[in-house]
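Sequence lines set the chain letters: A, B, ... in the order given, protein chains first and strands last, and positions in each chain run from 1. Computation of the quantities below employed the complete heavy-atom set of this structure, encompassing side-chain atoms and omitting hydrogens, waters and symmetry-equivalent molecules.
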Protein chains: 2
Amino acid sequence: MNDVFKALADPTRRAILEMLREREMTAGDIADCFTLAKPTLSGHLAVLLAADLVHRERIGTTLVYHLKLSVLEEAWLRLASTMRLGKSDPSCSTDTAPASPSR
Amino acid sequence: MNDVFKALADPTRRAILEMLREREMTAGDIADCFTLAKPTLSGHLAVLLAADLVHRERIGTTLVYHLKLSVLEEAWLRLASTMRLGKSDPSCSTDTAPASPSR
DNA sequence: TGTTTATTTTGGTAATTTGCTAAATAGCGA
DNA sequence: TCGCTATTTAGCAAATTACCAAAATAAACA
């Protein structure tokens, strides 16, 4: 959930998702669409993979990536339902860092 | 657009949006819901404000924040339409950093 | 086995983000 | 004006992120 939003925070990664929306592409195909170095794109793909937004499959020497739209949709639905249809009072219960004076 | 996704990337900021979903709150109210220091929360609110996800209004000494759901919805719709209903071939046109060998 | 192609991993640097404390600003009431 | 409350801004350290070049890995093929 958090990983999905973090993955979406980068414009390069959103562009990758957009390209992947229709056709699946190899890592090389994707890299050719950007002026960034291949290792950089590989890193972005790793983030998308960790967020479960894409799936990858090896075909011979190439790795084919394809979009997992369902995960993206689900993340949005989670946010949307928390946002619009949430039950009741928002009086302090959603703290991300509960009382633990770590620092 | 980019600012919206960047704002959503942080769990604290998403929690703030959730709390703001129903009732508008003062900066102090919000800060009391977290274990983070007030200036830290103020920073998060500044990010949300820059992303246009919240609006703030001064009432006396206090600043009242309220959610701008429409902006959030619009951001999603933009993404969703690019994602699902996009027109045609994704063959290299979405590059975020177009051919400019700066570095 | 050795070479080529496709891709990732490693190692390093610069920029950005997140958090803090302390100081500054804004409005209100005495 | 002075002091009080509410909040932000400034300045700084630690953690994370984004990028690259060089090295490593994986599969295919001669």
Side-chain angles (χ1 to χ4, degrees), chain A residues 2-17 19-20 24-51 53-66 92 95-103, chain B residues 2-17 19-20 24-51 53-66 94-103:
Chain A
N2 190 31
D3 291 336
V4 173
F5 285 108
K6 276 202 178 161
L8 288 175
D10 187 280
T12 299
R13 287 193 292 263
R14 287 199 305 275
I16 293 173
L17 293 177
M19 296 190 315
L20 246 33
E24 52 186 29
M25 299 172 83
T26 70
D29 288 343
I30 295 169
D32 290 343
C33 292
F34 295 87
T35 49
L36 300 171
K38 280 179 182 175
T40 302
L41 264 296
S42 183
H44 283 306
L45 289 170
V47 172
L48 294 174
L49 197 62
L53 282 167
V54 301
H55 172 257
R56 88 174 160 198
E57 189 184 358
R58 178 176 285 280
I59 307 232
T61 52
T62 70
L63 289 175
V64 181
Y65 286 85
H66 71 78
C92 306
D95 193 339
T96 310
S100 48
S102 47
R103 262 197 192 175
Chain B
N2 190 32
D3 290 337
V4 173
F5 285 108
K6 275 201 179 163
L8 288 175
D10 185 281
T12 298
R13 286 193 292 264
R14 286 199 306 275
I16 293 174
L17 292 177
M19 295 191 315
L20 246 34
E24 53 185 29
M25 298 172 85
T26 70
D29 288 342
I30 295 169
D32 290 342
C33 291
F34 294 87
T35 48
L36 300 171
K38 280 178 181 175
T40 301
L41 264 298
S42 182
H44 282 304
L45 289 170
V47 172
L48 293 174
L49 197 61
L53 282 167
V54 301
H55 171 258
R56 88 173 160 198
E57 189 185 357
R58 177 175 286 280
I59 306 231
T61 52
T62 70
L63 289 176
V64 181
Y65 287 84
H66 71 79
T94 14
D95 193 338
T96 310
S100 47
S102 48
R103 266 197 191 174

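- Residues B:A51 and B:V4 share a closest heavy-atom pair of O-CG2, 3.8 Å.
- As a whole-Å value, the separation of A:D10 CG from D:dC19 C1' is 11 Å.
- When the side-chain contact (heavy atoms from CB on, under 4.5 Å) test is applied to A:T62, the partners found at least two apart in sequence or on another chain are A:T26, A:I59, A:V64.
- Looking at residues two or more places apart in sequence or on another chain, you find a side-chain hydrogen bond (donor to acceptor under 3.5 Å, both in side chains) between A:N2 and B:R14.
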Contacts under 3.5 Å, N or O only, protein and nucleotides 4-10 of chain D:
| residue | atom | partner | partner atom | Å |
| --- | --- | --- | --- | --- |
| D:dT7 | OP1 | B:A27 | N | 3.4 |
| D:dT7 | OP1 | B:L63 | N | 3.4 |
| D:dT7 | OP2 | B:G28 | N | 2.8 |
| D:dT8 | OP1 | B:R56 | NH1 | 3.3 |
| D:dT8 | OP1 | B:Y65 | OH | 2.3 |
| D:dT8 | OP2 | B:S42 | OG | 2.9 |
| D:dT8 | O5' | B:S42 | OG | 3.1 |

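- Shortest non-hydrogen contact noted between B:A9 and A:F5 is CB-O, 4.0 Å.
- Computed from coordinates, the A:F34 CZ to D:dC19 P distance equals 10 Å when rounded to whole Å.
- Each of A:A37 and A:K6 lies near DNA chain D, and the nucleotide nearest A:K6 is the one positioned closer to the 5' end.
- Of all heavy-atom pairs spanning B:A27 and B:Y65, the tightest one is CB-CE1, 3.9 Å.
- Look at CD1 on A:I59: it is 18 Å from P on D:dA26, rounded to the nearest Å.
- Dashed line: the shortest gap from a side-chain N or O of A:H44 to OP1 or OP2 of D:dC19 is under 4.0 Å.
- By the 4.5 Å heavy-atom criterion applied to side chains, B:V54 and B:L17 are counted as neighbours.
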Anything under 3.5 Å between a donor and an acceptor, one on a side chain of residues 39-50 of chain A, the other on a protein residue two or more places apart or in another chain? List them.
| residue | atom | partner | partner atom | Å |
| --- | --- | --- | --- | --- |
| A:H44 | ND1 | A:R13 | NH1 | 3.2 |

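- One atom, CG of B:L36, and another, C1' of D:dA15, lie 15 Å apart when rounded to the nearest Å.
- Applying the side-chain hydrogen bond (donor to acceptor under 3.5 Å, both in side chains) test between A:H66 and each of A:E24, A:H55, A:R56, A:E57 identifies A:H55 as the sole match.
- At its two ends the helix from C:dT1-D:dA30 to C:dA30-D:dT1 runs along axes set 10° apart, each axis drawn from five pairs and the angle rounded to 10°.
- If you take CG of B:N2 and C1' of D:dA18, they are 14 Å apart, rounded to a whole angstrom.
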